[in-house]
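Data block below; observations after.
Predicted model only: the values in this text are computed from it and were never measured. Counting starts at 1 for both ligands and their atoms, in listed order.
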Amino acid sequence: MQPQSLPPLTLIVATTPIRVSEEVTRLGIGLKGTLPWPRIKTDMSFFARVTSRPPTAGKTNAMIMGRKTYDSVPASLRPLAKRTSVIISRDTTGSVQEGVRKELEKRKEKLAAKAAEAKAASGSGYVADPETDAIVTPCLDGAMRELGSREELGKIYVIGGAEIYNATLNMKRDELQGRALRVVMTNVVRKDGEPFECDTFFPLDRLDEGNGWRAASPAEVTEWVGEEVDGEWKTEGDFEVQMVGFEKI
Ligand SMILES: NC(=O)c1ccc[n+]([C@@H]2O[C@H](COP(=O)([O-])OP(=O)(O)OC[C@H]3O[C@@H](n4cnc5c(N)ncnc54)[C@H](OP(=O)(O)O)[C@@H]3O)[C@@H](O)[C@H]2O)c1
């Protein structure tokens, strides 16, 4: 019997091309524990909207991330609101778990106060936001099992960094349980053509048919993320960004 096909697993990433030789261009994603570029609102708000928008009311999306990516989020915004953060760590001392638990508690208090204000202001028209939650697990497999048991689970995004993208891209067919594997990518370049400095790279240099991937049309990406994506380059200050999508064949 064919295993039942589950919703897709979507890697969401912003990359910049870094030419390392005549033949090889890598996709840079990080520098010194943070992003290689200053805040680019067009991309940050795309990421926030897409990852927090549930497929249907009452569901909450999950974001799987490495412990270093969790730490790269500003402390006042951790864990990110309206989503379930799944933090992968090998820590066995309990300190990562305890740190996340405390940050979640504080964040929930603040969000509850904001929700009460919004409810008072909008009365019967008030629509509650998806829940904010965070869990720590020792491996990707454990993350998928934990999420699989949640009835309110919406979409699952893998938000990095390189180690966790790599673990996801190496998942075996049976671990994927029939899920499609997708990448929603923001290409980032400087308008003047100067490359960014990067020390962390996406594990794949190319996502083309030769490597087992196909480029999705803007209409498909629009459907995946729930808002219009036209695939055109957009300018923001000194930078240009373009949202594209790929699916594993
Ligand atoms: N451009 C983008 O879209 C984007 C997205 C995300 C991140 N980034 C950037 O990427 C960089 C961080 O990436 P990174 O690769 O260094 O770190 P990462 O993947 O975020 O986190 C690495 C940590 O995750 C845990 N981990 C990784 N693999 C594991 C496994 N198989 N089993 C259990 N735990 C595992 C370990 O945590 P412990 O050490 O706690 O054991 C490890 O130190 C930063 O510069 C960040 O800004 C960029």
(request) Sorted by first residue and then second, give each salt bridge (Lys or Arg N to Asp or Glu O under 4.0 Å) pair with at least one member in residues 111-127; sequence neighbours left out. (result) none
(message) Looking only at distances, can you tell me whether any N or O atom of T34, backbone or side chain, sits closer than 3.5 Å to an N or O atom of ligand 1?
(response) yes
(request) Cation-pi check, R190 to F239: give yes when NZ or CZ is under 6.0 Å from the six-membered ring centre and within 45° of the ring axis, no otherwise. (result) no
(message) Heavy atoms only, cut-off 4.0 Å: how does P138 contact ligand 1, side chain, backbone, both, or neither?
(response) backbone
(message) Quick check: T69 and ligand 1, any N/O pair under 3.5 Å apart?
(response) yes
(request) Any atoms of ligand 1 less than 4.0 Å from a non-hydrogen atom of A162? List them with their elements. (result) 13 (O), 14 (P), 15 (O), 19 (O)
(message) Any nitrogen or oxygen of I12, side chain or backbone, less than 3.5 Å from one on ligand 1?
(response) no
(message) To check your reading of the model: name the closest protein heavy atom to atom 19 (O) of ligand 1, its residue, and the distance in Å.
(response) G161 N, 3.2 Å
(request) Mind jotting down which residue pairs meet the salt bridge (Lys or Arg N to Asp or Glu O under 4.0 Å) criterion with at least one end in residues 167-176? Sequence neighbours excluded, please. (result) none
(message) Does the residue Y70 have a heavy-atom contact with ligand 1, meaning some pair of atoms that are separated by less than 4.0 Å?
(response) no
(message) Give me the residue, atom name and distance of the protein heavy atom closest to atom 25 (C) of ligand 1.
(response) I88 O, 3.2 Å
(request) Verify, without hydrogens or angle tests, whether N61 (side chain) and K155 (backbone) share a donor-acceptor contact under 3.5 angstrom. (result) yes
(message) If the cut-off is 4.0 Å to any non-hydrogen atom of I159, which atoms of ligand 1 fall inside it?
(response) 5 (C), 6 (C)
(message) Pairs of nitrogen or oxygen atoms closer than 3.5 Å, one from S89 and one from ligand 1: do any exist?
(response) yes
(request) Taking the side chain as every heavy atom from C-beta outward, state whether V50 and W224 have any atom pair closer than 4.5 Å. (result) no
(message) I'd like to check which ligand 1 atoms, numbered from 1 as shown, lie under 4.0 Å from a non-hydrogen atom of D91.
(response) 41 (O)
(message) Polar contacts were defined as any N/O atom of the residue lying under 3.5 Å from an N/O atom of the ligand; does this apply to T200 and ligand 1?
(response) no
(message) Under a 4.0 Å threshold between the charged nitrogen and the carboxylate oxygen, would E236 count as salt-bridged to K41?
(response) no
(message) As a check for students: among G142, A14, G160, P203, identify the option with a heavy atom nearest to atom 3 (O) of ligand 1.
(response) A14
(request) Keeping the roles fixed (side chain from Y165, backbone from I12), state whether a donor-acceptor pair exists under 3.5 Å. (result) yes
